Structures are given as structure tokens and as C-alpha cells.
Amino acid sequence: MSTHPQLADTDTADGPHAARGKGNRIRHGGLTRALGYTALVIVAMLYIYPFLIQLATSFKTDADATNNPLSLWPQHFTTAAFSRLAEADYPRWFANSVVVAVLVTAGRVFFDSLAGYALARLRFPGRGALFAAVIAVMAVPGVVLLIPKFLVLNQVGIYDSYAGMIVPLLADAAGVFIMKQFFESIPASVEEAARIDGASTFRTFWSIVLPMARPALLTLTILSFQGSWNELGHFIVSRQSPELNTLTTGVASLVSGQLGSGNQYPLKLAATLLMTIPVALVFFAFQRHFVRGGTSGATKG
């Protein structure tokens, strides 16, 4: 009998303390969340601010851009920089970049998928050594291969041509690695029915496995388009004719002062702004699949 009042008193005493503790935890959690969001906003602004400067400077005059380089609002709004680009070879650079990027992207998606499937499913002598070679190529800095690329292109006779700009980029080790890892995540049992029906290896790959690899294919498409669109080193050593300039080599010539003397900040940043738009559109169009990666395809399998 004597213990019940003590229990009641204990419960009554602990109740307010527990409530206060819970309230403190809620306030502490809210403060932590607010600080986290604030930090994220600050970091995001650090990344976004240079793009805003690029956008604003594209519509400035040369004098305004030189005197107020960090201003986000032009004192005298003008589109002179874009007009000068239209009068120069910029449209041709843009067309060359589109042709090269589209063909390279299509080639990488096709050939990287074939190579990745072969390494993931087919059993042949030297398979392990070949995959080790793919990994080794990924570890080699691209700049080391520039001179060998030039010598090979010159020897085969495709230097300073569209073929020399496109063919060496049609497959890459990173894409092969991505596709191999994804194909290995798909159960081999999904291919057994096709084999029982007499389908060939390529037919099984094309009709059964490849549709299941859609997330990985979209990821590879984004990476391939972005990589070929922004490629510079290979285009420097694979061509010399101004008619074959892409946006990267063309904009590099602008930075070196091809269209005149002075800083020319509006001209240079207008060129890079237009160059950024296609890659941004491709990324935002497929960002959901890019972020998800290859998990959904493996789940389907």
C-alpha cells in the first residue's frame, strides 16, 4: 500500500521533466536543421554566383565588364557580344560540336554496351586480363595519350578530319566499366528463356538485356555527351583546320585574343554561356535517371 503513493509522486515529478526534455530536443533538432539548410544555401550560392556573373557579364559593355566585373546587373544592357559571335565562326563551331557530340555519344552507348556485356556474360580466354587492361586505361591520365593519339591519327591518314575527331572517342574504358557492372547486377536467369527459344547471343543482348539496362544507358548517354561536348585536348591534336573547330577549341581561340585585343569579357563569357546551355538541358532532362543510377534496372531483373 505504501508504494503506490511513492510511484504516483515519482510519475508526477518525472512528467514535467520529460516534457521539458522532449521540448528541448525538438528545439535542438529544429535549430540543427535550420543551420544545415543555411549551410547548404551558402554552399549553393558559392557555386551559383559565378554562373550569375557569367550571365550578367554577357550583356555588359567591355568598359562596364572591366570596371565592375562582379556586378550582377549591367549598367548598359547590350547584346553586342552575341552579335559579334554570330558574325564570327561561332555558328560553325556550334554545328561541329553538335555533330561530333551526337555521333560520339551514339557510338559510346553502343560499343560500351557491347563490350560491357561481353565482359559480364561471355566466357573466353583472357577475359580477366582484358578487364584488367580496361581498369588500367582508366588510371592513365588523358594528357599522357595526346602525343600517341596524334602519331596514330597521322599514320592512319585521318588527321585533320571529322573521322579523326570522332573515331578515337567512340569507346571509353569508364563506359565499359559502368555497363559491365550493371549487366552483372541483372540475374542471368532472365536470359535463359531466350536461349531456350534459340536466340543468338546478340539477339539476347539486344532484345532482353539491353532494355533492362535503361537507367545505365541514360547515365552513360549523359556522361558521353557531356564528355564529348567539353572535350578539348583530343580536338587540339586531331585537327588543325579552322573549319573543324568545335566550341571548346573555338572558345579557346577567343581567350587567346583571336577576335581583337583587350579583355573582351562579355564576348568570352557570352560564348561560354551559349556553350553551357546544351549540356545543362541534357542533364536536367535526364537528371532523375542520372541520380537514380542503375538500381532500378537491377531491381527489375
Side-chain angles (χ1 to χ4, degrees), residues 84-116 118-119 126 129-179 220-260 264 267-268 271-272 274-279 282:
R84 291 186 62 190
L85 288 176
E87 295 170 0
D89 291 333
Y90 196 89
R92 185 179 184 89
W93 302 344
F94 191 92
N96 287 339
S97 288
V98 170
V99 171
V100 171
V102 169
L103 292 179
V104 168
T105 300
R108 282 189 180 182
V109 170
F110 180 69
F111 291 116
D112 289 355
S113 300
L114 281 176
L119 290 172
L130 184 59
F131 181 64
V134 171
I135 301 297
V137 170
M138 293 174 59
V140 177
V143 67
V144 176
L145 302 176
L146 292 182
I147 295 179
K149 280 184 178 181
F150 167 76
L151 295 176
V152 171
L153 292 175
N154 197 33
Q155 188 68 27
V156 233
I158 58 174
Y159 174 73
D160 200 26
S161 66
Y162 282 108
M165 298 169 65
I166 295 172
V167 172
L169 300 179
L170 288 180
D172 70 319
V176 174
F177 178 80
I178 291 174
M179 296 308 299
L220 182 59
T221 299
I222 295 173
L223 294 177
S224 299
F225 183 85
Q226 183 183 29
S228 56
W229 185 268
N230 295 328
E231 179 64 43
L232 176 61
H234 173 70
F235 295 150
I236 290 177
V237 300
S238 62
R239 45 137 296 278
Q240 64 178 358
S241 301
E243 295 79 11
L244 295 177
N245 264 332
T246 59
L247 285 174
T248 50
T249 55
V251 171
S253 66
L254 292 182
V255 174
S256 64
Q258 183 189 51
L259 295 186
Q264 299 189 90
L267 181 67
K268 297 171 183 176
T272 55
L274 294 177
M275 179 180 172
T276 306
I277 291 176
V279 177
V282 170

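Excluded from the calculations below are hydrogen atoms, water molecules and symmetry mates; all remaining heavy atoms, backbone and side chain alike, are included. Since we're looking at a predicted model, the values are computed, not measured.
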Exercise for the section: Check whether any side-chain heavy atom of Leu232 sits under 4.5 Å from a side-chain heavy atom of Thr246, and report yes or no. Expected result: no
Exercise for the section: Measure the CE-OG distance between Met165 and Ser228 for me, rounded to the nearest 0.5 Å. Expected result: 10.5 Å
Exercise for the section: State the OH-CG distance between Tyr159 and Leu153, to the nearest 0.5 angstrom. Expected result: 9.0 Å
Problem - Heavy atoms of other groups near Gln155 CD, more than 12 under 6.0 Å - result: no
Handout entry: Side-chain donor/acceptor of Asp112 to backbone N/O of Met179, under 3.5 Å
Key = no
Exercise for the section: Kindly give the heavy-atom pair with the smallest separation between Asn96 and Asn245, and that separation in Å. Expected result: ND2-O, 2.8 Å
Handout entry: Donor-acceptor contact present, side-chain Asn230 to main-chain Gln226, <3.5 Å
Key = yes
Practice task
Start with the C-alpha distance between Arg108 and Thr221, add both sets of side-chain angles, then the distance that settles side-chain contact (heavy atoms from CB on, under 4.5 Å), and finish with yes or no.
Solution key: CA-CA 8 Å; Arg108 282 189 180 182; Thr221 299; over 6 Å; no
Handout entry: Shortest non-hydrogen contact from Ala101 toward Phe225
Key = CB-CE1, 3.8 Å
Handout entry: Candidate pair Leu274 and Phe94, rule side-chain contact (heavy atoms from CB on, under 4.5 Å), full reasoning
Key = CA-CA 9 Å; Leu274 294 177; Phe94 191 92; 5.6 Å; no
Exercise for the section: State the OG1-CD distance between Thr249 and Gln240, to the nearest 0.5 angstrom. Expected result: 12.5 Å
Practice task
Report yes or no: does Tyr90 contribute a side-chain atom to a donor-acceptor pair with the main-chain N or O of Ala271 at less than 3.5 Å?
Solution key: yes
Completion exercise
In terms of heavy-atom contacts, Ala163 and Pro168 come closest through O-CD, 3.8 Å
Exercise for the section: Please find out if less than 6.0 Å separates the ring center of Phe235 from that of Trp229. Expected result: no
Problem - Distance-minimising heavy-atom pair for Gly175 and Leu220 - result: CA-CD1, 3.6 Å
Handout entry: Atom CD1 of Ile277 with >12 non-hydrogen neighbours under 6.0 angstrom
Key = yes
Exercise for the section: Could you grab the distance from atom CZ of Phe111 to atom CG of Leu170, nearest 0.5 Å is fine? Expected result: 6.0 Å
Practice task
Hey, could you give me the CZ/CG distance between Phe177 and Leu119, rounded to the nearest 0.5 Å?
Solution key: 11.0 Å
Handout entry: Between Ser241 and Asp160: side-chain donor-acceptor atoms closer than 3.5 Å
Key = yes
Exercise for the section: Look up atom NE2 in His234 and atom OG1 in Thr248, then write down how far apart they are to the nearest 0.5 Å. Expected result: 10.5 Å
Problem - Side chain proximity check, Leu146 to Val143, heavy atoms < 4.5 angstrom - result: yes
